[in-house]
J.: 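Sending over a structure as structure tokens; questions will come in a sec.
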Amino acid sequence: MKEAYNPQEVERKWQYIWSEKRVYEVTEDHNKEKYYVLEMFPYPSGRIHMGHVRNYTIGDVIARYKRTLGFNVLHPIGWDAFGLPAENAAIERGVHPAKWTYENIAQMKAQLKRLGFSYDWDREITTSDPNYYKWEQMAFTRMFDRGLAYKRSSVVNWCPSCETVLANEQVEAGGCWRCKSSVTQRELEGWFFKITDYTEQLLDGCERLKDGWPERVLTMQRNWIGKSTGAEIGFPLEETIEGVRSLRIFTTRPDTVFGVTFVCIAPEHPTSERIVKGKPQEKEALQFIQRINRQSNVERVAEGVKKEGVFTGAYCINPFSAERIPIYIANFVLMEYGTGVIMCVPAHDQRDFEFAKEYCLHIKVVIQPEGDVINPDDMKCAYEDVGTMVNSGEFSGLPSEIGKKKVIEYAETRGLGKRQINYRLRDWGISRQRYWGAPIPIIYCGKCGTLAVPDNELPVELPMDVEFTGKGGSPLAKIERFVNTKCHKCGGDARRETDTMDTFVESSWYFLRYTSPDFEKGMLDGVRGKYWLPVDQYIGGIEHAILHLLYARFYTKVLRDLGMCDLDEPFINLLTQGMVIKDGAKMSKSLGNIVDPDDMIAKYGSDTVRIFMLFASPVERDLDWSDEGIEGAYRFLNRVWRLVYEVMKKIEDFKGVKPNITLISDTARDLLIKVHKTIKKVTEDLERFRFNTGVAAIMELLNAVSRSQSNGNDEKAVLREAIETIVRLLYPFAPHIAEEQWESLGHEETLVDKPWIEWDREIVGSTAVIVVLQVNGKVRSQVFMDPDTTEEEMKQAAFSDERVKSYISGKEIKKVVVVPKKLVNIVV
RNA sequence: GCCCGGGUGGCGGAAUUGGUAGACGCAUUGGACUUAAAAUCCAAUGGGCCGUAAGGUCCGUGCCGGUUCGAGUCCGGCCCCGGGCACCA
């Protein structure tokens, strides 16, 4: 063994040994319980960053620990290889997206290997591989057959200069993120997945995931789905206009229906234009509609945008109150939600209130708060809370919560409307007018219509010789060899779909593919899938709380319904780790505060990087990178190294020697107790992913060992046990140095497969406990006691304590509180 | 505006169910080793007051109040920071 710790040498050695012995390659073993631990796979951007390192380190600790517990651990990794950056690189630098992507993967793979993660590299997946997306295309065709994938037109962000669709995230301050030109709204045909068919299932699932997922992620998903219960009510028009007889509205406050003083329609609603036909207000209204429709979504919903609208000249009738209600077209009404028409109750809805004030519309109070009377004339804002219904015909006097139900019942019996549930969640638009993605396997035949590509023609491969200009829309659309095809049904000329799929589709099922990455008959091998699935522990950043995790849950349910897997929820337990920040800000190029993992590995080794990341902060919280902090982690591992080196000679002959606890000195016994308490502590911390305190406990044990004296034989045996314990406890956190030290200590087996160390219950349990003696709740003394000292004995001990005596002498004892193993409190 | 997190030393953070607040690490200071430095090792380190000293004593977990023998932890009311959603009727 060398005197100096050389992490690079040690790490290279053990990475080689692990890989030679193929220790991480697993197959189904029905004699063992399986454990599937998964970290969110990376986008191959070129470099591993600290966020990845943190994510994968957490996963690796869990994987290694579970393995020592005897689980058959599946711990795979792969690449989320499709996506925009590759295509941008092609446009800007003329590198083919495939070349760019595969070079990045090679580089990042080498980085991950240097970090020593326990991946089964045999299962590596690259989503841009036709052997991968082939199955995704096949699933698409099945979804198409069932109407779960469909085409429709929708309004999208459009950059007229780049001639392409922009995602909402790609619109910055109303302009294109790349060329800055003003973004417009445009109707465009595209493909959608019918996630709205699964809203209730996705909501139910949130209940079932309660024990394994962070509450806030579930809350975010529930909010995103946005279920709201209310009523749909028809408001008949005063006179039929252009064939329109009535307006259907959606409200969550049917109890306020008597307070309606106007109705508003979304400008883009087809009825808007029809309803103003022939009215004196027609010209003004049409101008308004045009102006609003020209605005981008971003402009329209930007903060501080004023509510505005125009009167249509038309009226409808409130079916409850029979009042004549003016109809407006207003910018704050959304076409995509509900019916695109709303009933407006300015007294009890803040938005309606603001609109009414702007256009001097009548305000009618129909809910009175308890113990108060509100008056329309002095209202400064709407009263949106519950109360008692007033001015509401036969419903007056009812509490509003009951009124809600009664109004719906009334509407249903008279055919005025019905109970209705609306969701915020919309269908998932998966079309991208982009090259670097999985082609949507659809052809358009003049005779046979829209057809799914048959299985025997899959995959629809991405053509490789393509020009990237960044202009003129989808690159695929310009490749005639690709676009022009024959219809498999009639043999006639047909055109291929040129949209590719959103990359979130690939990440919606990669965890399934890992179970059988070589399977050639479908997405996954049912037999192997049944053994490994679901994922027992998923780990990733909170930034995916909604999109990725919701899509993956949805897609899994779809595949289940298509008979491709037998799974309701893909991830049983979810751990969301915090970000890695530096100087209080997220690491970024523009701030110049990036710390490169490679530099750190070169300087300290990956074990040190791992220890620092695990120790510096609890996993769920943000981690502040500290250059001094990592020095501390390095110092710790150096101390471990030196300790083993220095005492090696002394303890050499005590391998496997059990110290006789009755023969050792008090200090040696204290150390032995500390050893076993530490094993207990670290084990419990590993179980609950509290790695920061787990590492701290090992540090404490190291401090205790450094301080201890050991001259007699039994003491040396204790010392050896303590050192071996440190090394073994360290293994999941810093595996390379642990393996090396274990070998130095004369062991031939490797820690990677050695069962986890257990604590001696007797040693831990028999320890004297410190009992705190309080007077009036203030600590005045402390004494050692046997853990099974009776309460009466504890009391006696307290009263005979000199210091306690000085505080209670001459005073009246009012009460004595005794907590076994903890404290005695005397109240005077 | 709504919904989540979170406020503990100079800093990152500990404190299973209410029971010694500040584990562990960083930084700082002093000391040892050294010709010297680095590295390493040892010690001190929340604040105030009393004491030459050993020590004693009071205050202290964002703020105000409450429950309790006892509150960082529970309850009520506020303040600040971070994140998510946001004209969703």
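What you are looking at is a predicted structure, and each value in this text was computed from that prediction instead of being measured. Letters A, B, ... are given to chains in the order of the sequence lines, protein chains preceding strands, and every chain is numbered from 1.
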J.: Can you tell me how far C1' of B:rA71 sits from CG of A:N776, to the nearest Å?
T.: 16 Å

J.: Determine the Euclidean distance between corresponding C1' atoms of B:rG22 and B:rU45; express it in Å to zero decimal places.
T.: 12 Å

J.: Which atom pair, heavy atoms only, marks the closest approach of A:F250 to A:T229?
T.: CZ-C, 4.5 Å

J.: Of the nucleotides B:rA89, B:rG25, B:rC58, which one has an atom closest to the side chain of A:R639?
T.: B:rG25

J.: How about A:T608 and A:Y5: does a side-chain donor come under 3.5 Å of a side-chain acceptor?
T.: no

J.: Return the value, rounded to whole Å, for the distance between atom NZ of A:K814 and atom P of B:rU68.
T.: 14 Å

J.: Do any side-chain nitrogens or oxygens of A:R707 fall under 4.0 Å of OP1 or OP2 in B:rC42?
T.: no

J.: Any donor-acceptor pair under 3.5 Å between the side chain of A:K815 and the base of B:rC69?
T.: no

J.: Want to settle it: does A:K822 or A:P618 sit nearer the 5' end of RNA chain B, counting the closest nucleotide to each?
T.: A:P618

J.: Charged N to carboxylate O under 4.0 angstrom, A:E200 versus A:K227?
T.: yes

J.: Quick one: which of B:rC3, B:rU40, B:rG12 gets closest to the side chain of A:N223?
T.: B:rC3

J.: Mind checking whether A:Y328 and A:F355 have parallel, tilted or perpendicular rings, split at 30° and 60°?
T.: perpendicular

J.: With C1' as the reference atom in both, quote the distance from B:rG10 to B:rA44 in angstrom, rounded to an integer.
T.: 15 Å

J.: How far does the C1' atom of B:rG5 sit from the matching atom of B:rA54, given to the nearest Å?
T.: 48 Å

J.: Pairing check on B:rG25: which nucleotide meets the Watson-Crick or G-U wobble criteria with it, both distances under 3.5 Å?
T.: B:rC11

J.: Measure CZ/A:R424 against P/B:rC3 and give the value in whole Å, please.
T.: 15 Å

J.: OP1, OP2 of B:rA38 versus side-chain N and O of A:R635: anything below 4.0 Å?
T.: no

J.: What pair of heavy atoms forms the shortest contact from A:I698 to A:L729, and how long is it?
T.: CD1-O, 3.7 Å

J.: Identify the heavy atoms of A:V695 and A:F615 that sit nearest to each other, and give their distance.
T.: CG1-CD1, 3.8 Å

J.: Going by purine N1 to pyrimidine N3 plus the second Watson-Crick contact, or the G-U wobble pair, all under 3.5 Å, which nucleotide sits opposite B:rA36?
T.: none

J.: With a 4.0 Å cut-off on heavy atoms, is A:E684 in touch with a base, just the backbone sugar-phosphate, or nothing at all?
T.: base

J.: Does some side-chain heavy atom of A:V386 sit less than 4.5 Å from a side-chain heavy atom of A:I367?
T.: no

J.: Between A:R690 and A:E684, does the salt bridge (charged side-chain N to carboxylate O under 4.0 Å, His left out) criterion hold? Intermediate values first, please.
T.: CA-CA 8 Å; A:R690 301 174 57 145; A:E684 287 167 354; over 6 Å; no

J.: Classify A:N703 by what it touches in the nucleic acid, base, sugar-phosphate, or nothing, heavy-atom distance under 4.0 Å.
T.: sugar-phosphate

J.: Mind telling me whether B:rG9 is syn or anti, cutoff 90° either side of 0?
T.: syn

J.: On a whole-Å scale, what distance lies between the P atoms belonging to B:rU35 and B:rU28?
T.: 26 Å

J.: Go through B:rC87, B:rU16, B:rG19 for me and flag the one nearest to the A:L823 side chain.
T.: B:rG19

J.: Need one value for A:S626: base, sugar-phosphate or nothing, where a base atom within 4.0 Å counts as base even if backbone is also close, heavy atoms only.
T.: nothing

J.: Would you mind telling me which of B:rC24, B:rC87, B:rU20 lies closest to the side-chain atoms of A:V772?
T.: B:rU20

J.: I'd like to know if A:R639 and A:E646 make a salt bridge, using a cut-off of under 4.0 Å between side-chain N and carboxylate O.
T.: no

J.: Roughly how far apart, to the nearest Å, are B:rG13 and B:rC26 at atom C1'?
T.: 10 Å

J.: From B:rC85, B:rG12, B:rA89, pick the nucleotide closest to the side chain of A:F250?
T.: B:rA89

J.: With sugar-phosphate meaning primed atoms plus P, OP1 and OP2, does A:G226 contact a base, only sugar-phosphate, or nothing at under 4.0 Å between heavy atoms?
T.: nothing

J.: Verify the neighbour count for atom NZ of A:K405: are there more than 12 heavy atoms of other residues, nucleotides or ligands below 6.0 Å?
T.: no

J.: Roughly, in whole Å, what's the span from CD in A:Q350 to P in B:rC2?
T.: 12 Å

J.: If I pick the C1' atom on B:rA71 and the same atom on B:rG1, what distance separates them, to the nearest angstrom?
T.: 34 Å

J.: Atom pairs under 3.5 Å, N or O on each side, protein against nucleotides 21-23 of chain B: can you list them with distances?
T.:
from   : atom 1 : to     : atom 2 : distance (Å)
B:rA23 : O2'    : A:E700 : OE2    : 2.9

J.: Quick one: which of B:rA89, B:rC4, B:rG13 gets closest to the side chain of A:R621?
T.: B:rG13

J.: Check the distance between B:rG13's P and A:L614's CG and give it to me in whole angstrom.
T.: 15 Å

J.: Closest to the A:K680 side chain: B:rA89, B:rU16, B:rG13?
T.: B:rU16

J.: Considering only atom P, compute the distance from B:rG60 to B:rC41 and round it to an integer number of Å.
T.: 38 Å

J.: How long is the line joining CD of A:Q221 and P of B:rC85, in whole Å?
T.: 13 Å

J.: With the side chain of A:M699 defined as its heavy atoms from C-beta on, choose the nearest nucleotide among B:rA89, B:rG84, B:rC24.
T.: B:rC24

J.: Write down the partner of B:rG72 under the Watson-Crick or G-U wobble criteria, each distance required to be under 3.5 Å.
T.: none

J.: Closest-nucleotide mapping onto RNA chain B: is A:T219 or A:V333 further toward the 5' terminus? I mean the 5' end.
T.: A:T219

J.: Over all strands shown, is A:N422 touching base, sugar-phosphate only, or nothing at heavy-atom distances under 4.0 angstrom?
T.: nothing

J.: Categorize A:S706 for me: base, sugar-phosphate, or nothing, with a 4.0 angstrom heavy-atom threshold over every strand shown.
T.: nothing

J.: Could you tell me which non-hydrogen atom of A:R248 sits nearest to which non-hydrogen atom of A:T339, and how far apart they are?
T.: O-OG1, 2.6 Å

J.: For A:L425 and B:rA86, give me the distance from atom CG to atom P, rounded to whole Å.
T.: 12 Å

J.: May I ask you to say whether A:K674 pairs ionically with A:E700, meaning some side-chain N is under 4.0 Å from a carboxylate O?
T.: yes

J.: In whole Å, I'd like the distance from the CD1 atom of A:I546 to the C1' atom of B:rC4.
T.: 11 Å

J.: Choose from B:rC69, B:rU16, B:rC3 the nucleotide whose nearest atom is closest to any side-chain atom of A:N825.
T.: B:rC69

J.: Look at the side chain of A:R642 and the base of B:rU40, then say whether one donor and one acceptor between them are separated by less than 3.5 Å.
T.: no

J.: Paired with B:rG60: which nucleotide, if any, by Watson-Crick or G-U wobble criteria at under 3.5 Å for both distances?
T.: none

J.: Write down the partner of B:rC85 under the Watson-Crick or G-U wobble criteria, each distance required to be under 3.5 Å.
T.: B:rG1

J.: Of the nucleotides B:rA89, B:rC26, B:rG25, which one has an atom closest to the side chain of A:E628?
T.: B:rC26

J.: With C1' as the reference atom in both, quote the distance from B:rA38 to B:rC33 in angstrom, rounded to an integer.
T.: 12 Å

